[in-house]
**Student:** 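Quick one: structure below, then a few questions.
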Protein chains: 2
Amino acid sequence: MATGRTHRPATRSRGIPEATVARLPLYLRALTALSERSVPTVSSEELAAAAGVNSAKLRKDFSYLGSYGTRGVGYDVEYLVYQISRELGLTQDWPVVIVGIGNLGAALANYGGFASRGFRVAALIDADPALTGKPVAGIPVQHTDDLEKIIQDNGVSIGVIATPAGAAQQVCDRLVAAGVTSILNFAPTVLSVPDGVDVRKVDLSIELQILAFHEQRKAGEEAAAEAAAVPAAATRGDSADQGPDGDVPAVMPA
Amino acid sequence: MATGRTHRPATRSRGIPEATVARLPLYLRALTALSERSVPTVSSEELAAAAGVNSAKLRKDFSYLGSYGTRGVGYDVEYLVYQISRELGLTQDWPVVIVGIGNLGAALANYGGFASRGFRVAALIDADPALTGKPVAGIPVQHTDDLEKIIQDNGVSIGVIATPAGAAQQVCDRLVAAGVTSILNFAPTVLSVPDGVDVRKVDLSIELQILAFHEQRKAGEEAAAEAAAVPAAATRGDSADQGPDGDVPAVMPA
DNA sequence: ATGTCTTTGTGAACGCGTGCACAAAGATGG
DNA sequence: CCATCTTTGTGCACGCGTTCACAAAGACAT
């Protein structure tokens, strides 16, 4: 899960809870897969399993959208695909610009999951003059100098920042000034934006750090379990073992 | 924010709430920046601003770790960096393998944010024989056939999946069977894993879809505001306008 | 038409996370 | 040594999200 949210606190957009909105794309993906297999209807139980959530939660989520199911039968797959798409705004075309065409930016430009969901990469932008004009994923890279013009000419309202951390805030400011109101930020920085602009953050190293935390805890529990398996008077209690629970005061400096 | 969690429900690992764990890397980043500027101490207010959170939340988060502050002064930067690093398990070395060396995998291999936090890319693995032996980010790509041996020889417990969706579950199963217990998944699929294995998911298109939802809502509100600005009897109420609130029944099929 | 069976939609209870507001703790100056 | 000032640590209340459990609704067979 990408972390960071920077949303208006809890605006309950049109009555749909934020947590539900975050799951709609999940349901949509599962439904699309069913649709491709020409499955006509699906029960909340089946769909929930496919999306990896609790069925009660799924039903409650759908209840915020309306009463789209048929009791005793389930949900019509095609109909639900359409309803969720419409709710998410995917029935319209969203031109997107990607700023910062390094490894990550190039990967994003090549990512297939965008086009299939109404997102169109309108332009790639980079500050390096050596890149200007070079095609990436079939689209020529344009120079940062033209950022404002590109945004306005294409009516772009969603921007993706894949620059180094140092450049992110500056790029963000220019995007916002040019009219962008939603930003997906891959740079490891906290962006400050005016009210009315949404920022979502994806941070790869944060995800790994969270995994490391749980990994460490698992290792600690294992060690504790092993220690507990040894009846009583094993080699223990002496060196505090510096396990993840080695809560040594470590000498407060200053 | 990467979405998807697939964690044990609410195990309150060692008493530290999951939400707090997710913010620790944020604090750590801000603190590291301060440390590089040789700032000796920082107040909860300042640090909270730098990390983009509420200061009360930050203090409560830290209170789960222990009483590491000094009233009237603030927190010692170096000390706190150490404590959070230790808590997250970043004081030890975490060998990581990346499976699937396409655009995204290559971007991840080149990502600098790993090495600086105790993560070491132990190996790159891909199923394409044409890639085998080719260096990416200075590391030669190895073939999927050797996956199990690589995991075991390097004592890897964290795996990153950057393969196409179709291959993800199979790769996941092999990783888990070989001993991996934490997985960061970039493939757009729900992975099923046995108990005791943590999966975190990062899905680029989901993030964009959530932004699109809010973007659409903003456009709708704007339109509504404009309509409201016109006193009363404007051209309205006729075609339902098909705005984001055009909740047309749309003819239930089936 | 009536009964049975399946599955939805939701009321209600509960738990987690957030933020306020303040008392306790320590620094600092006289 | 005392007063004042700053900043932490936390008790408390509130709201969101999750889950249970069940009544209502419709399909389907007889």
Side-chain angles (χ1 to χ4, degrees), chain A residues 1 3-24 26-27 39-49 51-77 79-80 83 252-254, chain B residues 1 3-24 26-27 39-77 79-80 83 210 252-254:
Chain A
M1 146 186 186
T3 44
R5 213 141 284 199
T6 325
H7 272 301
R8 68 210 80 213
T11 308
R12 270 291 178 99
S13 327
R14 150 92 164 294
I16 301 181
E18 190 60 31
T20 295
V21 172
R23 280 188 294 268
L24 289 181
L26 235 60
Y27 302 144
V39 177
T41 62
V42 65
S43 71
S44 63
E45 205 71 49
E46 293 167 320
L47 185 55
V53 303
N54 182 301
S55 74
K57 193 182 329 201
L58 178 142
R59 286 198 300 277
K60 179 142 288 193
D61 282 343
F62 286 176
S63 78
Y64 291 115
L65 307 184
S67 272
Y68 294 153
T70 305
R71 294 171 193 233
V73 175
Y75 299 91
D76 180 273
V77 172
Y79 183 64
L80 206 47
Q83 288 300 339
M252 170 76 172
Chain B
M1 145 187 187
T3 44
R5 213 142 284 198
T6 324
H7 272 300
R8 66 212 80 210
T11 308
R12 272 289 179 99
S13 327
R14 151 92 163 294
I16 301 181
E18 190 58 32
T20 295
V21 172
R23 280 188 294 269
L24 290 181
L26 234 60
Y27 303 143
V39 177
T41 61
V42 65
S43 71
S44 63
E45 205 72 49
E46 294 167 321
L47 184 55
V53 303
N54 182 302
S55 73
K57 194 184 325 200
L58 179 142
R59 287 198 299 276
K60 181 146 289 191
D61 282 343
F62 285 175
S63 78
Y64 291 114
L65 307 184
S67 272
Y68 293 153
T70 306
R71 295 173 192 231
V73 176
Y75 300 92
D76 181 274
V77 172
Y79 184 65
L80 206 47
Q83 289 299 339
I210 298 173
M252 172 77 171

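Below, chains carry the letters A, B, ... as their sequence lines are ordered, and counting in each starts from 1.
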**Student:** Which atom pair, heavy atoms only, marks the closest approach of A/Val42 to A/Leu47?
**Tutor:**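 Looking at all heavy atoms of both residues, the closest pair is CG2-N, 3.7 Å.
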**Student:** Name all residues meeting the side chain to side chain contact (heavy atoms under 4.5 Å, CB included) criterion together with A/Ser55; count only those two or more places apart in sequence or in a different chain, and write none if there are none.
**Tutor:**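 In terms of side chain to side chain contact (heavy atoms under 4.5 Å, CB included), with neighbours along the sequence ignored, A/Ser55 is linked to A/Ser44, A/Glu45, A/Ala48, A/Arg59.
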**Student:** I need the OH-P distance between A/Tyr68 and C/dT8, as an integer number of Å.
**Tutor:**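 So the two atoms are 16 Å apart, to the nearest Å.
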**Student:** Hey, does the side chain of A/Tyr64 come within less than 4.0 Å of D/dC16's phosphate (OP1/OP2), counting only N and O?
**Tutor:**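 Negative; the distance criterion is not met.
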**Student:** Rounded to the nearest 0.5 Å, what separates atom OH in A/Tyr75 from atom CG in A/Leu58?
**Tutor:**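 Rounded to the nearest 0.5 Å, the OH-CG separation comes out at 6.0 Å.
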**Student:** What is the distance from CG of A/Leu65 to C1' of C/dT8, rounded to the nearest Å?
**Tutor:**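 Taking CG of A/Leu65 and C1' of C/dT8, I get 14 Å after rounding.
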**Student:** Select one nucleotide: of C/dG9, D/dT18, C/dT8, the one nearest the side-chain heavy atoms of A/Ser43.
**Tutor:**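 Of all the options, the side chain of A/Ser43 is nearest to C/dT8.
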**Student:** Could you go through the side chain to side chain contact (heavy atoms under 4.5 Å, CB included) check for A/Tyr27 and A/Leu80 one step at a time?
**Tutor:** CA-CA 9 Å; A/Tyr27 302 144; A/Leu80 206 47; over 6 Å; no
**Student:** Can you name the closest pair of heavy atoms from A/Thr41 and A/Val39 and give their distance?
**Tutor:**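 Scanning both residues completely, I find the closest heavy atoms to be O-CG1, 3.3 Å.
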**Student:** Taking only heavy atoms on the protein side, list every residue of residues 52-62 of chain B lying under 4.0 Å from any atom of DNA chain C, sorted numerically.
**Tutor:**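 Residues of residues 52-62 of chain B that come under 4.0 Å of DNA chain C are, in numerical order, B/Asn54, B/Ala56, B/Lys57, B/Arg59, B/Lys60.
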**Student:** Is there a side-chain contact between B/Ser44 and the phosphate of D/dT7, meaning an N or O under 4.0 Å from OP1 or OP2?
**Tutor:**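 No, outside the criterion.
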**Student:** Grab the CD-P distance between A/Glu45 and C/dG9 for me, whole Å please.
**Tutor:**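 My rounded result for the distance is 14 Å.
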**Student:** Strictly under 3.5 Å: I want the nitrogen or oxygen pairs between protein and nucleotides 28-30 of chain D, one per line.
**Tutor:**
none

**Student:** Just the rounded figure in Å: distance from P of D/dT7 to CD of B/Glu46.
**Tutor:**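 Those two atoms, CD and P, are 8 Å apart.
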**Student:** Does B/Arg71 get its side chain close enough to the base of D/dT8, under 3.5 Å, for a donor-acceptor pair?
**Tutor:**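 Answer yes: a donor N or O sits under 3.5 Å from an acceptor.
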**Student:** What's the verdict on side chain to side chain contact (heavy atoms under 4.5 Å, CB included) for B/Ile210 and A/Glu18, showing C-alpha distance, side-chain angles and the deciding distance?
**Tutor:** CA-CA 9 Å; B/Ile210 298 173; A/Glu18 190 60 31; 4.1 Å; yes
**Student:** Taking the six-membered ring for Trp, are A/Tyr68 and A/Phe62 closer than 6.0 Å centroid to centroid?
**Tutor:**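 So the answer is no for these two rings.
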**Student:** Quick one, B/Leu65 with B/Gln83, criterion side chain to side chain contact (heavy atoms under 4.5 Å, CB included). Give me CA distance, side-chain angles, the key distance, then yes/no.
**Tutor:** CA-CA 8 Å; B/Leu65 307 184; B/Gln83 289 299 339; 5.5 Å; no
